[in-house]
**Student:** 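Below are the C-alpha coordinates for one structure; questions will follow.
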Amino acid sequence: MIRVQQQDFDVAAELAALPAAGGICVFVGTVRDVSDGRPVAAMTLEHYPGMAERELARLEEEAQGRWPLAGVAIVHRYGRLQPGERIVLVAVAAPHRAAAFEACRFLIDRLKTEAPFWKSEETAGGARWVAARREDAAAAERWDS
Amino acid sequence: MIRVQQQDFDVAAELAALPAAGGICVFVGTVRDVSDGRPVAAMTLEHYPGMAERELARLEEEAQGRWPLAGVAIVHRYGRLQPGERIVLVAVAAPHRAAAFEACRFLIDRLKTEAPFWKSEETAGGARWVAARREDAAAAERWDS
Amino acid sequence: MRLLYFAWVREKAGKGQEEVAPPAEVADVAGLIAWLRSRGGGPADALADLRLVRVAVNQEYVALDHPVGGSDEVAFFPPVTGG
Amino acid sequence: MRLLYFAWVREKAGKGQEEVAPPAEVADVAGLIAWLRSRGGGPADALADLRLVRVAVNQEYVALDHPVGGSDEVAFFPPVTGG
(Lines give C-alpha, C1' and ligand atoms only; values in the text may rest on other atoms or scores of the structure.)
Protein backbone atom coordinates (compact mmCIF):
# COMPACT_ATOMS: atom_id res chain seq x y z
CA MET A 1 0.00 0.00 0.00
CA ILE A 2 1.53 3.27 -1.22
CA ARG A 3 0.28 6.76 -0.42
CA VAL A 4 1.74 10.21 -1.10
CA GLN A 5 -0.23 12.90 0.69
CA GLN A 6 -0.07 16.32 2.27
CA GLN A 7 -1.96 15.49 5.47
CA ASP A 8 -0.59 13.65 8.49
CA PHE A 9 -1.17 9.91 8.94
CA ASP A 10 -2.25 7.77 11.89
CA VAL A 11 0.46 5.19 12.68
CA ALA A 12 -1.94 2.88 14.56
CA ALA A 13 -4.43 2.90 11.67
CA GLU A 14 -1.69 2.14 9.12
CA LEU A 15 -0.52 -0.84 11.20
CA ALA A 16 -4.08 -2.07 11.77
CA ALA A 17 -4.57 -2.19 7.98
CA LEU A 18 -1.65 -4.63 7.54
CA PRO A 19 -2.30 -8.38 7.64
CA ALA A 20 -1.44 -10.01 10.99
CA ALA A 21 1.68 -12.07 10.38
CA GLY A 22 3.70 -12.48 13.58
CA GLY A 23 5.70 -9.30 13.42
CA ILE A 24 5.64 -5.77 12.06
CA CYS A 25 8.70 -3.56 11.69
CA VAL A 26 7.98 0.14 11.30
CA PHE A 27 10.12 3.16 10.58
CA VAL A 28 8.75 6.66 11.10
CA GLY A 29 10.83 9.64 10.02
CA THR A 30 10.17 13.06 11.54
CA VAL A 31 11.32 16.62 10.84
CA ARG A 32 14.42 17.43 12.92
CA ASP A 33 14.55 20.67 14.86
CA VAL A 34 18.26 21.19 14.12
CA SER A 35 20.19 20.86 10.84
CA ASP A 36 23.98 21.26 10.73
CA GLY A 37 23.77 22.92 14.13
CA ARG A 38 21.18 25.50 13.07
CA PRO A 39 17.59 25.54 14.41
CA VAL A 40 15.07 24.58 11.72
CA ALA A 41 11.87 26.62 11.71
CA ALA A 42 10.09 24.52 9.08
CA MET A 43 10.71 22.16 6.20
CA THR A 44 8.99 22.01 2.82
CA LEU A 45 8.88 18.77 0.87
CA GLU A 46 8.49 19.04 -2.89
CA HIS A 47 7.73 15.91 -4.91
CA TYR A 48 7.17 14.70 -8.46
CA PRO A 49 3.51 13.63 -8.51
CA GLY A 50 3.10 10.38 -10.39
CA MET A 51 6.75 9.39 -10.41
CA ALA A 52 6.89 9.47 -6.58
CA GLU A 53 4.08 6.90 -6.34
CA ARG A 54 5.62 4.80 -9.13
CA GLU A 55 9.04 4.67 -7.48
CA LEU A 56 7.54 3.71 -4.11
CA ALA A 57 5.42 1.00 -5.75
CA ARG A 58 8.50 -0.30 -7.58
CA LEU A 59 10.43 -0.45 -4.29
CA GLU A 60 7.54 -2.27 -2.59
CA GLU A 61 7.50 -4.79 -5.44
CA GLU A 62 11.26 -5.31 -5.16
CA ALA A 63 10.97 -5.88 -1.39
CA GLN A 64 8.15 -8.39 -1.93
CA GLY A 65 10.41 -10.25 -4.36
CA ARG A 66 13.40 -10.31 -1.99
CA TRP A 67 11.68 -11.32 1.27
CA PRO A 68 8.59 -13.37 2.18
CA LEU A 69 6.33 -10.55 3.36
CA ALA A 70 2.68 -10.44 4.39
CA GLY A 71 2.17 -6.75 3.70
CA VAL A 72 3.87 -3.39 3.12
CA ALA A 73 2.68 0.15 3.80
CA ILE A 74 4.55 3.27 2.70
CA VAL A 75 3.13 6.74 3.35
CA HIS A 76 5.14 9.83 2.39
CA ARG A 77 4.03 13.39 3.00
CA TYR A 78 4.75 16.55 1.04
CA GLY A 79 4.20 20.26 1.73
CA ARG A 80 5.32 22.46 4.62
CA LEU A 81 6.00 20.65 7.90
CA GLN A 82 7.00 21.79 11.38
CA PRO A 83 9.85 20.22 13.42
CA GLY A 84 8.65 17.01 15.07
CA GLU A 85 6.01 16.35 12.41
CA ARG A 86 5.94 12.94 10.72
CA ILE A 87 7.37 12.82 7.17
CA VAL A 88 7.32 9.15 6.24
CA LEU A 89 6.13 5.77 7.44
CA VAL A 90 7.45 2.43 6.21
CA ALA A 91 5.77 -0.62 7.75
CA VAL A 92 6.43 -4.26 6.88
CA ALA A 93 4.48 -7.24 8.20
CA ALA A 94 6.16 -10.64 7.90
CA PRO A 95 5.99 -14.10 9.48
CA HIS A 96 9.66 -13.79 10.50
CA ARG A 97 11.10 -10.71 12.17
CA ALA A 98 14.41 -10.86 10.29
CA ALA A 99 12.53 -10.35 7.01
CA ALA A 100 10.42 -7.57 8.52
CA PHE A 101 13.50 -5.68 9.77
CA GLU A 102 15.52 -6.16 6.59
CA ALA A 103 12.72 -5.25 4.19
CA CYS A 104 11.80 -2.17 6.26
CA ARG A 105 15.40 -0.95 6.27
CA PHE A 106 15.80 -1.72 2.56
CA LEU A 107 12.70 0.34 1.79
CA ILE A 108 13.70 3.44 3.77
CA ASP A 109 17.33 3.26 2.57
CA ARG A 110 16.33 3.03 -1.09
CA LEU A 111 13.42 5.47 -0.77
CA LYS A 112 15.91 8.11 0.41
CA THR A 113 17.99 7.84 -2.76
CA GLU A 114 15.34 6.96 -5.35
CA ALA A 115 11.92 8.41 -4.55
CA PRO A 116 11.57 11.90 -6.08
CA PHE A 117 11.13 14.12 -2.99
CA TRP A 118 13.22 17.16 -2.11
CA LYS A 119 13.56 18.91 1.23
CA SER A 120 13.96 22.64 1.68
CA GLU A 121 14.77 23.82 5.21
CA GLU A 122 13.95 27.21 6.68
CA THR A 123 16.59 28.41 9.14
CA ALA A 124 17.56 31.85 10.46
CA GLY A 125 19.88 32.07 7.44
CA GLY A 126 16.97 31.64 5.02
CA ALA A 127 15.61 28.70 3.04
CA ARG A 128 18.01 26.19 1.49
CA TRP A 129 17.69 22.93 -0.36
CA VAL A 130 18.99 19.96 1.63
CA ALA A 131 21.93 18.29 -0.11
CA ALA A 132 21.93 14.54 -0.72
CA ARG A 133 24.01 12.81 1.97
CA ARG A 134 26.92 10.53 1.13
CA GLU A 135 25.88 8.20 4.01
CA ASP A 136 22.44 7.79 2.45
CA ALA A 137 23.98 6.77 -0.88
CA ALA A 138 26.21 4.27 0.92
CA ALA A 139 23.25 2.86 2.89
CA ALA A 140 21.25 2.37 -0.32
CA GLU A 141 24.17 0.72 -2.12
CA ARG A 142 24.39 -1.94 0.59
CA TRP A 143 21.24 -3.42 -0.97
CA ASP A 144 22.60 -3.68 -4.52
CA SER A 145 22.43 -7.29 -5.57
CA MET B 1 10.60 3.14 29.44
CA ILE B 2 9.79 -0.44 30.42
CA ARG B 3 6.32 -1.82 31.12
CA VAL B 4 5.07 -5.36 31.72
CA GLN B 5 1.31 -5.49 31.75
CA GLN B 6 -1.75 -7.63 31.06
CA GLN B 7 -3.74 -5.05 29.08
CA ASP B 8 -3.18 -4.08 25.45
CA PHE B 9 -1.15 -1.01 24.53
CA ASP B 10 -1.69 1.85 22.08
CA VAL B 11 1.17 1.94 19.55
CA ALA B 12 0.55 5.60 18.61
CA ALA B 13 0.57 6.67 22.28
CA GLU B 14 3.81 4.78 22.96
CA LEU B 15 5.49 6.48 19.99
CA ALA B 16 4.12 9.90 20.95
CA ALA B 17 5.77 9.51 24.38
CA LEU B 18 9.24 9.10 22.83
CA PRO B 19 11.43 12.17 22.25
CA ALA B 20 11.38 13.42 18.64
CA ALA B 21 14.80 12.60 17.21
CA GLY B 22 14.64 12.20 13.44
CA GLY B 23 13.62 8.56 13.28
CA ILE B 24 11.81 5.87 15.24
CA CYS B 25 12.13 2.15 14.54
CA VAL B 26 9.39 -0.01 16.02
CA PHE B 27 8.84 -3.73 16.24
CA VAL B 28 5.42 -5.11 17.22
CA GLY B 29 5.04 -8.85 17.76
CA THR B 30 1.60 -10.43 17.55
CA VAL B 31 0.10 -13.85 18.35
CA ARG B 32 0.26 -16.09 15.29
CA ASP B 33 -2.82 -18.01 14.26
CA VAL B 34 -0.82 -21.08 13.21
CA SER B 35 2.04 -22.88 14.98
CA ASP B 36 3.87 -25.80 13.35
CA GLY B 37 0.98 -26.09 10.92
CA ARG B 38 -1.70 -26.32 13.64
CA PRO B 39 -4.29 -23.59 14.22
CA VAL B 40 -3.72 -21.76 17.50
CA ALA B 41 -6.87 -20.99 19.51
CA ALA B 42 -5.11 -18.86 22.13
CA MET B 43 -1.77 -18.26 23.80
CA THR B 44 -0.98 -17.69 27.46
CA LEU B 45 2.13 -15.79 28.46
CA GLU B 46 3.56 -16.50 31.92
CA HIS B 47 6.28 -14.26 33.32
CA TYR B 48 8.52 -13.78 36.34
CA PRO B 49 7.29 -10.54 37.91
CA GLY B 50 10.20 -8.38 38.99
CA MET B 51 12.88 -10.20 37.03
CA ALA B 52 11.05 -9.54 33.73
CA GLU B 53 11.17 -5.78 34.33
CA ARG B 54 14.78 -5.99 35.51
CA GLU B 55 15.93 -7.90 32.43
CA LEU B 56 14.16 -5.48 30.08
CA ALA B 57 15.67 -2.49 31.92
CA ARG B 58 19.11 -4.10 31.70
CA LEU B 59 18.67 -4.63 27.94
CA GLU B 60 17.54 -1.01 27.51
CA GLU B 61 20.62 0.15 29.38
CA GLU B 62 22.87 -2.02 27.23
CA ALA B 63 21.29 -0.62 24.05
CA GLN B 64 21.73 2.96 25.32
CA GLY B 65 25.42 2.15 25.88
CA ARG B 66 25.93 0.66 22.43
CA TRP B 67 24.11 3.24 20.27
CA PRO B 68 23.40 6.98 20.55
CA LEU B 69 19.66 6.82 21.24
CA ALA B 70 17.13 9.50 22.16
CA GLY B 71 14.64 7.12 23.77
CA VAL B 72 13.54 3.50 24.18
CA ALA B 73 10.13 2.01 24.94
CA ILE B 74 9.53 -1.68 25.65
CA VAL B 75 6.07 -2.96 26.52
CA HIS B 76 5.50 -6.70 27.04
CA ARG B 77 2.14 -8.26 27.84
CA TYR B 78 1.31 -11.38 29.83
CA GLY B 79 -1.86 -13.40 30.32
CA ARG B 80 -4.14 -15.10 27.79
CA LEU B 81 -4.10 -13.61 24.28
CA GLN B 82 -6.02 -14.34 21.08
CA PRO B 83 -4.40 -14.78 17.64
CA GLY B 84 -3.64 -11.37 16.13
CA GLU B 85 -3.34 -9.67 19.52
CA ARG B 86 -0.22 -7.62 20.25
CA ILE B 87 2.35 -9.28 22.56
CA VAL B 88 5.30 -6.91 22.58
CA LEU B 89 6.39 -3.48 21.40
CA VAL B 90 9.99 -2.34 21.09
CA ALA B 91 10.43 1.26 19.92
CA VAL B 92 13.70 3.15 19.56
CA ALA B 93 14.05 6.85 18.74
CA ALA B 94 17.44 7.98 17.47
CA PRO B 95 18.96 10.84 15.47
CA HIS B 96 20.24 8.33 12.89
CA ARG B 97 18.12 5.56 11.45
CA ALA B 98 20.92 2.98 11.40
CA ALA B 99 21.14 3.22 15.21
CA ALA B 100 17.35 3.06 15.54
CA PHE B 101 17.13 -0.10 13.40
CA GLU B 102 20.08 -1.85 15.02
CA ALA B 103 19.10 -1.07 18.61
CA CYS B 104 15.49 -2.13 17.96
CA ARG B 105 16.59 -5.44 16.47
CA PHE B 106 19.14 -5.98 19.26
CA LEU B 107 16.41 -5.44 21.86
CA ILE B 108 13.88 -7.85 20.37
CA ASP B 109 16.55 -10.48 19.61
CA ARG B 110 17.95 -10.41 23.14
CA LEU B 111 14.54 -10.05 24.79
CA LYS B 112 13.50 -13.32 23.17
CA THR B 113 16.34 -15.27 24.78
CA GLU B 114 16.77 -13.38 28.08
CA ALA B 115 13.53 -11.85 29.36
CA PRO B 116 11.68 -14.37 31.58
CA PHE B 117 8.43 -14.92 29.66
CA TRP B 118 7.05 -18.31 28.55
CA LYS B 119 4.40 -19.03 25.94
CA SER B 120 1.85 -21.79 26.18
CA GLU B 121 -0.21 -22.42 23.03
CA GLU B 122 -3.70 -23.90 22.91
CA THR B 123 -4.27 -26.01 19.79
CA ALA B 124 -6.73 -28.80 18.98
CA GLY B 125 -4.15 -31.19 20.46
CA GLY B 126 -4.28 -29.41 23.83
CA ALA B 127 -2.04 -26.85 25.52
CA ARG B 128 1.73 -27.07 25.17
CA TRP B 129 4.70 -24.99 26.18
CA VAL B 130 6.45 -23.41 23.21
CA ALA B 131 10.04 -24.63 22.91
CA ALA B 132 12.90 -22.17 22.61
CA ARG B 133 13.93 -21.82 18.95
CA ARG B 134 17.47 -22.41 17.75
CA GLU B 135 17.12 -19.47 15.32
CA ASP B 136 16.29 -17.15 18.21
CA ALA B 137 19.42 -18.22 20.07
CA ALA B 138 21.49 -17.62 16.93
CA ALA B 139 19.88 -14.20 16.38
CA ALA B 140 20.69 -13.17 19.97
CA GLU B 141 24.28 -14.41 19.73
CA ARG B 142 24.92 -12.13 16.75
CA TRP B 143 24.98 -9.26 19.28
CA ASP B 144 27.61 -10.80 21.58
CA SER B 145 30.50 -8.40 21.78
CA MET C 1 7.34 17.35 -25.42
CA ARG C 2 6.71 18.31 -21.82
CA LEU C 3 9.59 19.34 -19.58
CA LEU C 4 9.37 19.35 -15.77
CA TYR C 5 11.80 20.95 -13.32
CA PHE C 6 11.93 20.28 -9.57
CA ALA C 7 13.55 21.76 -6.44
CA TRP C 8 16.55 24.05 -7.12
CA VAL C 9 16.55 23.02 -10.78
CA ARG C 10 13.02 24.46 -10.95
CA GLU C 11 14.14 27.62 -9.18
CA LYS C 12 17.13 28.08 -11.51
CA ALA C 13 15.00 27.28 -14.56
CA GLY C 14 12.55 29.95 -13.43
CA LYS C 15 9.60 27.64 -14.13
CA GLY C 16 8.18 24.27 -13.07
CA GLN C 17 7.23 23.10 -16.53
CA GLU C 18 7.11 24.01 -20.18
CA GLU C 19 6.02 22.55 -23.50
CA VAL C 20 8.80 22.46 -26.10
CA ALA C 21 9.14 21.33 -29.70
CA PRO C 22 12.84 20.62 -30.22
CA PRO C 23 14.19 20.25 -33.78
CA ALA C 24 14.14 16.81 -35.38
CA GLU C 25 17.84 16.15 -34.73
CA VAL C 26 17.18 16.02 -30.96
CA ALA C 27 16.90 12.26 -30.48
CA ASP C 28 18.09 11.56 -26.95
CA VAL C 29 18.43 13.17 -23.51
CA ALA C 30 21.94 14.44 -24.27
CA GLY C 31 20.66 16.07 -27.49
CA LEU C 32 17.74 17.64 -25.65
CA ILE C 33 20.04 19.10 -23.00
CA ALA C 34 22.40 20.46 -25.68
CA TRP C 35 19.43 22.13 -27.39
CA LEU C 36 18.12 23.58 -24.09
CA ARG C 37 21.60 24.96 -23.32
CA SER C 38 21.84 26.54 -26.78
CA ARG C 39 18.43 28.15 -26.19
CA GLY C 40 19.81 29.98 -23.12
CA GLY C 41 17.87 31.41 -20.17
CA GLY C 42 16.93 29.72 -16.88
CA PRO C 43 16.81 26.11 -18.11
CA ALA C 44 20.28 26.49 -19.66
CA ASP C 45 21.60 27.71 -16.28
CA ALA C 46 19.86 24.91 -14.41
CA LEU C 47 21.42 22.27 -16.67
CA ALA C 48 24.93 23.77 -16.67
CA ASP C 49 26.45 21.03 -14.47
CA LEU C 50 25.01 17.60 -15.26
CA ARG C 51 26.75 15.98 -12.27
CA LEU C 52 24.10 17.70 -10.14
CA VAL C 53 21.07 16.75 -12.24
CA ARG C 54 19.02 13.57 -12.54
CA VAL C 55 16.80 12.89 -15.56
CA ALA C 56 13.55 10.91 -15.82
CA VAL C 57 11.69 10.18 -19.06
CA ASN C 58 8.03 9.28 -18.60
CA GLN C 59 8.65 9.01 -14.84
CA GLU C 60 11.55 6.58 -15.02
CA TYR C 61 15.21 7.34 -14.32
CA VAL C 62 17.25 7.30 -17.54
CA ALA C 63 20.81 7.86 -18.72
CA LEU C 64 21.89 10.57 -21.17
CA ASP C 65 21.66 8.26 -24.18
CA HIS C 66 17.97 7.47 -23.56
CA PRO C 67 15.81 8.36 -26.62
CA VAL C 68 13.30 11.21 -26.31
CA GLY C 69 10.71 12.55 -28.67
CA GLY C 70 7.04 13.09 -29.43
CA SER C 71 4.91 13.60 -26.33
CA ASP C 72 7.50 12.36 -23.81
CA GLU C 73 7.49 13.81 -20.32
CA VAL C 74 11.10 14.69 -19.44
CA ALA C 75 11.95 15.75 -15.88
CA PHE C 76 15.15 17.35 -14.57
CA PHE C 77 15.85 17.47 -10.84
CA PRO C 78 18.60 17.28 -8.18
CA PRO C 79 19.51 14.07 -6.32
CA VAL C 80 16.50 13.27 -4.15
CA THR C 81 16.40 13.98 -0.40
CA GLY C 82 13.10 12.56 0.84
CA GLY C 83 12.41 10.09 3.62
CA MET D 1 15.04 -19.34 51.25
CA ARG D 2 12.28 -18.80 48.70
CA LEU D 3 12.06 -21.02 45.61
CA LEU D 4 10.08 -20.07 42.49
CA TYR D 5 9.11 -22.33 39.59
CA PHE D 6 7.82 -21.16 36.19
CA ALA D 7 6.18 -22.64 33.08
CA TRP D 8 6.56 -26.44 32.73
CA VAL D 9 9.05 -26.49 35.60
CA ARG D 10 6.22 -25.10 37.76
CA GLU D 11 3.80 -27.71 36.41
CA LYS D 12 6.24 -30.56 37.06
CA ALA D 13 7.12 -29.20 40.50
CA GLY D 14 3.41 -29.12 41.30
CA LYS D 15 3.73 -25.65 42.82
CA GLY D 16 4.75 -22.10 41.86
CA GLN D 17 6.73 -21.34 44.99
CA GLU D 18 7.80 -22.68 48.35
CA GLU D 19 9.83 -21.62 51.37
CA VAL D 20 12.65 -24.03 52.20
CA ALA D 21 15.36 -24.25 54.85
CA PRO D 22 18.11 -26.42 53.37
CA PRO D 23 20.82 -27.83 55.66
CA ALA D 24 23.93 -25.77 56.30
CA GLU D 25 26.09 -27.72 53.82
CA VAL D 26 24.00 -26.37 50.90
CA ALA D 27 26.21 -23.45 49.82
CA ASP D 28 25.61 -23.03 46.09
CA VAL D 29 23.01 -23.68 43.36
CA ALA D 30 24.42 -27.12 42.61
CA GLY D 31 24.16 -28.06 46.29
CA LEU D 32 20.60 -26.74 46.49
CA ILE D 33 19.56 -28.78 43.45
CA ALA D 34 21.21 -31.92 44.89
CA TRP D 35 19.30 -31.40 48.13
CA LEU D 36 15.97 -30.80 46.29
CA ARG D 37 16.54 -33.99 44.27
CA SER D 38 17.26 -35.96 47.43
CA ARG D 39 14.01 -34.62 48.91
CA GLY D 40 12.03 -36.21 46.03
CA GLY D 41 8.57 -35.23 44.77
CA GLY D 42 7.61 -32.72 42.08
CA PRO D 43 10.60 -30.39 42.38
CA ALA D 44 12.98 -33.36 42.11
CA ASP D 45 11.23 -34.41 38.86
CA ALA D 46 11.30 -30.85 37.49
CA LEU D 47 15.06 -30.58 38.10
CA ALA D 48 15.93 -34.04 36.74
CA ASP D 49 17.57 -32.71 33.55
CA LEU D 50 19.52 -29.51 34.16
CA ARG D 51 20.14 -28.94 30.44
CA LEU D 52 16.47 -27.86 30.27
CA VAL D 53 16.50 -25.57 33.29
CA ARG D 54 17.70 -22.00 33.85
CA VAL D 55 18.43 -20.65 37.32
CA ALA D 56 18.16 -17.11 38.68
CA VAL D 57 19.22 -15.99 42.15
CA ASN D 58 17.64 -12.76 43.36
CA GLN D 59 16.34 -12.20 39.80
CA GLU D 60 19.67 -12.54 38.02
CA TYR D 61 20.80 -15.44 35.84
CA VAL D 62 23.49 -17.49 37.56
CA ALA D 63 25.61 -20.59 36.98
CA LEU D 64 25.53 -23.74 39.13
CA ASP D 65 28.45 -22.59 41.29
CA HIS D 66 26.70 -19.39 42.38
CA PRO D 67 26.39 -19.17 46.20
CA VAL D 68 22.91 -19.37 47.77
CA GLY D 69 21.74 -19.02 51.35
CA GLY D 70 19.74 -17.05 53.86
CA SER D 71 16.75 -15.28 52.37
CA ASP D 72 17.77 -15.63 48.72
CA GLU D 73 15.06 -15.90 46.05
CA VAL D 74 15.99 -18.79 43.75
CA ALA D 75 14.00 -19.36 40.55
CA PHE D 76 14.00 -22.40 38.25
CA PHE D 77 12.50 -22.17 34.77
CA PRO D 78 12.82 -23.37 31.15
CA PRO D 79 14.62 -21.37 28.43
CA VAL D 80 12.49 -18.28 27.86
CA THR D 81 10.12 -17.90 24.90
CA GLY D 82 8.70 -14.38 25.09
CA GLY D 83 8.68 -11.60 22.53
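Source: prediction; values computed, not measured. Chain identifiers are assigned alphabetically (A, B, ...) following the order of the sequence lines, protein sequences preceding nucleic acid strands; residue numbering begins at 1 within each chain.
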**Student:** How about Glu61(A): does its CD atom have over 12 heavy atoms from other parts shown lying under 6.0 Å from it?
**Tutor:**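 Incorrect, the count does not exceed 12.
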**Student:** Name the region of Arg54(C), side chain, backbone, both or neither, that has any atom closer than 4.5 Å to a heavy atom of chain A.
**Tutor:** neither
**Student:** Shorter than 4.5 Å, heavy atoms on both sides: which option in Thr81(C), Asn58(C), Leu4(C) has the most such pairs with chain A?
**Tutor:**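 Option with the greatest count: Thr81(C).
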**Student:** What do you reckon, is CZ of Arg134(A) surrounded by more than 12 foreign heavy atoms closer than 6.0 Å?
**Tutor:**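 No - once you tally the heavy atoms of other residues, nucleotides and ligands closer than 6.0 Å, there are 12 at most.
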**Student:** Determine yes or no for a side-chain-to-main-chain donor-acceptor pair under 3.5 angstrom, with Trp118(A) supplying the side chain and Pro78(C) the backbone.
**Tutor:** yes
**Student:** Identify the two heavy atoms, one from Ile108(A) and one from Gly83(C), that lie closest to each other, and give their separation to 0.1 Å.
**Tutor:** CD1-CA, 4.4 Å
**Student:** Is the shortest distance from a Lys or Arg side-chain nitrogen in Arg58(A) or Glu60(C) to a carboxylate oxygen in the other one below 4.0 Å?
**Tutor:**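 The answer is no: the pair does not qualify as a salt bridge.
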**Student:** I want to check something: taking the side chain as every heavy atom from C-beta on, are Tyr61(C) and Met51(A) in contact at a cut-off of under 4.5 Å?
**Tutor:** yes
**Student:** Output the option from Phe117(A), Phe27(A), Tyr78(A), Tyr48(A) having the highest count of non-hydrogen pairs under 4.5 Å with chain C.
**Tutor:** Tyr48(A)
**Student:** So which heavy atom on Ala132(A) is nearest to which on Val80(C), and how close?
**Tutor:** CB-O, 4.2 Å
**Student:** Do the side chains of Phe77(C) and Glu46(A) get nearer than 4.5 Å, heavy atoms only?
**Tutor:**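 Counting from C-beta outward, Glu46(A) and Phe77(C) never come under 4.5 Å.
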**Student:** Measure distances from Ser120(A) to the heavy atoms of chain C and classify the residue's part below 4.5 Å as side chain, backbone, both or neither.
**Tutor:**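 Nothing of Ser120(A), per the 4.5 Å heavy-atom cut-off to chain C.
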**Student:** Heavy-atom distances under 4.5 Å only: say whether Ala137(A) touches chain C with side chain, backbone, both or neither.
**Tutor:**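 Neither part.
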